[in-house]
Amino acid sequence: MIYWIFSFVLTAIDTWCVLYLLDTFLKKKDVGRLEKVRFWLFLSVIFSVAVLFHVLDIVINLWKFVLIFIALFVLGFIYFKTTVKQMIFYLPLCYGIVVLVEFLTLSVGGLFIETINLSSEEHNYIFGTLAKLCEVLVVLCVRRMWKSPNEFQTLKRKEWYMLICIPLFSISGVVGMFRLFNGNEEIRNICLFLTMGLVAINFITIYLLQDILDKSEQLRVSTLANQNAKNQIEAYHDMDALYECQRRKMHDYKNQIVTIQSLVQGGNTDKAVNLMEQLTESISVDLSAINTNHPVVNAVLNHKFHTAKEKQIAMIFQVGDVHEICLTEEEIVILLGNLLDNAIAECERVVRAGKDAVIQFKFIYEEGKVILSIKNPVFEKVQIVDNKVQVNAKSGHGIGLKNVEAVVEKYDGSIAFDCDEKEFRAVVIL
């Protein structure tokens, strides 16, 4: 009975280590009440498999790891925001580190005890306790070492495949060494050397992955800064041109008003009314068309409105008072600029094809949430896979959308894309 309790405690420590490592590398989902039973679900899986193989009188076997991985793989998708590639990499990495540290403790123990019996309860008490202490220390070191943002979009498929090979090889290696492990001093020394090498390789892998992600993040920030500066300069130039146009027209308004006065005095009221209507329409069109009570939003939207107008693209706005939104100026430019740039670029293709193009834009702030939606006609259907717009250099769709997704993810928001043969739709909620 004591042995089973001890085994259960050791398995619970293994489970905590695996979960702690997964929490280090991956983002958790909001699963509500399921969060309370997360540890017990993972523990029941690992402990049940361990009991099964104990009943079968098998201490270590490849199928044991396969069963654990399949079960934890399913649970991983329930509790973490992840992809298949990420889970195939991180699950063997996290569980492999735990198993490697356990075997490393066993290998070091072989230097002091000539024969270690893996089925012996006495040896299990001694090396089990030491192994779990080492596991906790290693896990805490990994947690302290990992400081990169959990953003993996920049990693290419080829890079994932190369990284995945390392933890899978580590698991296979440790299974093979467990089976070879016996009282032979030469074999023990070989196992010790290989285990230390595998542990080092896994740590190097973590370091390299962190370095790759850090450099990708620096490149992304640099790109965002350049894009922000470019968009702001364009917006300010557009506003400056608008104000210059207004100054020129204001210079002529005095003459227009004098003319209207003369027509009224001369009894030509119809001509006076027509001239006033033309003058009023000119003023209303040239003045800033959109006012959201937020200067940066106004600058971006008015800039895009005049850009679209010059390209014979109509825009229908539904906007509200957004002066309370928490987005920074840079994030506003990224969010609105990229989505509208893609819409305008696609509408240009539609206009060149001899069709009318109308962009429907909605941007409101209600109950503490920012709601943004945009609809535009398409020249051809935009390909969307797993809610990811496939980059199309000709249409413009997909360019800059990774930056938009980064803003959405920062505020734990949501973004959705949809497209058919006639229309592209994007909805953002923050």
Side-chain angles (χ1 to χ4, degrees), residues 227 230-232 234-235 237-239 241-242 281 284-292 294 296-322 325 327 331-366 370-384 387 389-405 407-408 413-430:
Q227 183 183 31
K230 180 182 177 182
N231 285 333
Q232 284 184 335
E234 288 180 355
H237 285 174
D238 183 72
M239 292 178 68
L242 177 62
E281 182 180 354
S284 63
V285 168
D286 289 328
L287 288 174
S288 293
I290 306 105
N291 182 19
T292 63
H294 192 294
V296 178
V297 175
N298 290 346
V300 175
L301 295 186
N302 281 290
H303 168 60
K304 300 306 177 187
F305 169 74
H306 289 287
T307 300
K309 180 185 172 185
E310 291 174 358
K311 300 176 184 292
Q312 299 181 335
I313 300 168
M315 291 188 71
I316 299 175
F317 289 93
Q318 181 184 347
V319 295
D321 188 339
V322 296
I325 60 174
L327 298 171
E331 291 164 348
I332 290 171
V333 174
I334 291 169
L335 190 64
L336 301 181
N338 281 301
L339 290 173
L340 285 172
D341 282 343
N342 284 348
I344 291 171
E346 182 66 20
C347 285
E348 281 189 87
R349 302 181 70 205
V350 174
V351 171
R352 285 198 295 268
K355 300 178 181 179
D356 294 332
V358 180
I359 298 173
Q360 300 179 51
F361 181 84
K362 178 180 179 181
F363 190 58
I364 58 176
Y365 183 74
E366 291 182 350
V370 175
I371 301 174
L372 186 160
S373 70
I374 185 168
K375 300 178 183 179
N376 61 269
V378 293
F379 179 75
E380 60 183 356
K381 184 177 180 181
V382 178
Q383 297 300 316
I384 300 173
N387 202 37
V389 177
Q390 305 304 295
V391 176
N392 188 327
K394 292 183 179 180
S395 69
H397 276 298
I399 300 175
L401 288 182
K402 285 190 176 182
N403 296 336
V404 173
E405 291 171 355
V407 173
V408 173
S414 61
I415 184 169
F417 301 107
D418 183 41
C419 188
D420 53 30
E421 300 295 336
K422 296 182 178 180
E423 189 178 65
F424 175 86
R425 295 168 290 276
V427 178
V428 175
I429 299 177
L430 301 177

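Heavy-atom basis, side chains included; hydrogens, waters and symmetry copies ignored.
Evaluation of the salt bridge (Lys or Arg N to Asp or Glu O under 4.0 Å) rule for Lys355 yields no partner, not counting sequence neighbours. With sequence neighbours excluded, the residues forming a ring pair (Phe, Tyr, Trp, His ring centres under 6.0 Å) with Phe361 are Phe317, listed by chain and number. Remark: Asp356 engages no residue in a side-chain contact (heavy atoms from CB on, under 4.5 Å) (not counting sequence neighbours). Lys362 pairs by the side-chain contact (heavy atoms from CB on, under 4.5 Å) definition with Gln318, Ile364, Ser373, not counting sequence neighbours. When the side chain to side chain donor-acceptor pair (under 3.5 Å) test is applied to Gln360, no partner is found at least two apart in sequence or on another chain.
Atoms CD1 and CD, on Ile313 and Glu346 in that order, are 10.0 Å from each other to the nearest 0.5 Å. Remark: His306 NE2 to Glu310 CD distance equals 8.5 Å, nearest 0.5 Å. With values rounded to the nearest 0.5 angstrom, Thr307 atom OG1 is found 10.5 Å from Asn302 atom CG. Interatomic distance, NZ of Lys304 versus CG of Leu336, reported as 9.5 Å (0.5 Å rounding). Tyr365 OH to Leu327 CG: the interatomic distance, rounded to the nearest 0.5 Å, is 9.5 Å. From Phe417, atom CZ reaches atom CG of Leu339 across 6.5 Å, with rounding to the nearest 0.5 Å.
A side chain to side chain contact (heavy atoms under 4.5 Å, CB included) with Val408 is found for one member of Leu372, Ile415, Asn403 and no other, namely Ile415.
Here the closest heavy-atom approach between residue Val300 and residue Gly337 is recorded as CG1-N, 4.2 Å. Across every non-hydrogen atom of Cys419 and Ile384, the tightest pair is N-CD1, 3.8 Å. The two residues Ile332 and His294 have their closest heavy-atom pair at CD1-CE1, 3.4 Å. The two atoms that bring Pro377 and Ala357 nearest to each other are CG-CA, 3.9 Å, heavy atoms only.
Under the 4.5 Å side-chain criterion, counting only non-hydrogen atoms from C-beta, Ile325 is in contact with Val297. Looking at heavy atoms from C-beta onward, Ile374 lies in side-chain contact with Leu340 at the 4.5 angstrom threshold.
No more than 12 heavy atoms of other residues, nucleotides or ligands shown are found within 6.0 angstrom of CZ on Phe379.
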- Intermediate values then yes/no, side-chain contact (heavy atoms from CB on, under 4.5 Å), Val351 and Lys311: CA-CA 8 Å; Val351 171; Lys311 300 176 184 292; over 6 Å; no
Residues 421-430, side-chain donor-acceptor partners within the protein, below 3.5 Å, at least two apart:
residue, atom, partner, partner atom, Å
Glu423, OE1, Arg425, NH1, 2.9
Arg425, NE, Asp418, OD2, 3.2
Arg425, NH2, Asp418, OD2, 2.5

